[in-house]
Amino acid sequence: MRFLIVRTSIRAAAEADITAAWAEGHRLRDETIRPEPRRQVVHAEDRDAAFVLARAFATVGAVRSGRQRIKVLPLDDPGRRQKLPDDPGT
């Protein structure tokens, strides 16, 4: 299985937005609607290689200080495919 390793910037949130999200019970950040800005993207062919690359990205100062984060995403996992209403293959 292939993986995508992404280093992204963390968007700052105003205290009023945090309070509103907490009070209304919704998410402060929704990656499906507004993803965080990407800083670096790398592909890996297997899980072990993906985690080695993620650990290497974690040594970057901005990640260590909490301004950026690392995400390891599977690219082609057929078991997690979501069914779409207009998908002819279903």
Side-chain angles (χ1 to χ4, degrees):
M1 178 186 316
R2 296 177 334 163
F3 288 86
L4 186 68
I5 302 90
V6 184
R7 183 169 59 104
T8 63
S9 294
I10 298 174
R11 284 190 308 273
E15 193 166 328
D17 294 338
I18 295 170
T19 304
W22 181 264
E24 296 170 11
H26 67 274
R27 290 181 167 188
L28 180 62
R29 295 178 176 95
D30 188 351
E31 291 289 313
T32 59
I33 295 171
R34 189 172 161 219
E36 294 174 335
R38 293 180 179 178
R39 294 293 182 171
Q40 192 170 12
V41 179
V42 176
H43 296 270
E45 292 299 321
D46 61 29
R47 184 174 181 259
D48 293 333
F51 285 121
V52 167
L53 289 167
R55 280 192 298 273
F57 279 171
T59 64
V60 173
V63 176
R64 293 175 59 198
S65 68
R67 294 187 315 262
Q68 296 177 355
R69 76 177 93 215
I70 307 300
K71 300 173 187 178
V72 178
L73 308 167
L75 289 180
D76 49 5
D77 185 359
R80 295 188 64 186
R81 182 174 178 219
Q82 292 183 357
K83 212 184 237 187
L84 300 175
D86 57 344
D87 189 358
T90 60

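The shown structure was predicted, so the numbers you read here are calculated from the model rather than taken from an experiment. Numbers here are sequence positions counted from 1.
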Note to self: Are I10 and I70 connected into the same hydrophobic cluster when the rule is that any two of I, L, V, M, F, W, Y join if their side-chain heavy atoms are below 4.5 Å apart?
What the structure shows: no
Checklist line | Contacts of R38 that satisfy salt bridge (charged side-chain N to carboxylate O under 4.0 Å, His left out) - sequence neighbours left out | finding: none
Note to self: Nearest 0.5 Å, please: how far is OG1 in T8 from CZ in R39?
What the structure shows: 9.5 Å
N/O donor to acceptor pairs below 3.5 angstrom from side-chain atoms of residues 13-27, sequence neighbours left out:
| from | atom 1 | to | atom 2 | distance (Å) |
| --- | --- | --- | --- | --- |
| T19 | OG1 | E15 | O | 2.9 |
| E24 | OE1 | H26 | ND1 | 3.3 |

Notebook entry, point to check: Looking only at heavy atoms, which two atoms of S9 and E36 are closest? And how far apart?
Noted result: O-CB, 3.2 Å
Next item on the list: Applying side-chain hydrogen bond (donor to acceptor under 3.5 Å, both in side chains), name anything that partners R2, two or more places apart in sequence or on another chain.
Entry: none
Notebook entry, point to check: Under the salt bridge (charged side-chain N to carboxylate O under 4.0 Å, His left out) test, which residues partner R11, sequence neighbours left out?
Noted result: none
Residues 41-61 side chain polar contacts: donor-acceptor under 3.5 Å, at least two apart:
| from | atom 1 | to | atom 2 | distance (Å) |
| --- | --- | --- | --- | --- |
| D46 | OD1 | D48 | N | 3.4 |
| D46 | OD1 | A49 | N | 2.8 |
| T59 | OG1 | A56 | O | 2.6 |

Checklist line | Partners meeting side-chain hydrogen bond (donor to acceptor under 3.5 Å, both in side chains) with Q40 (sequence neighbours left out) | finding: R7
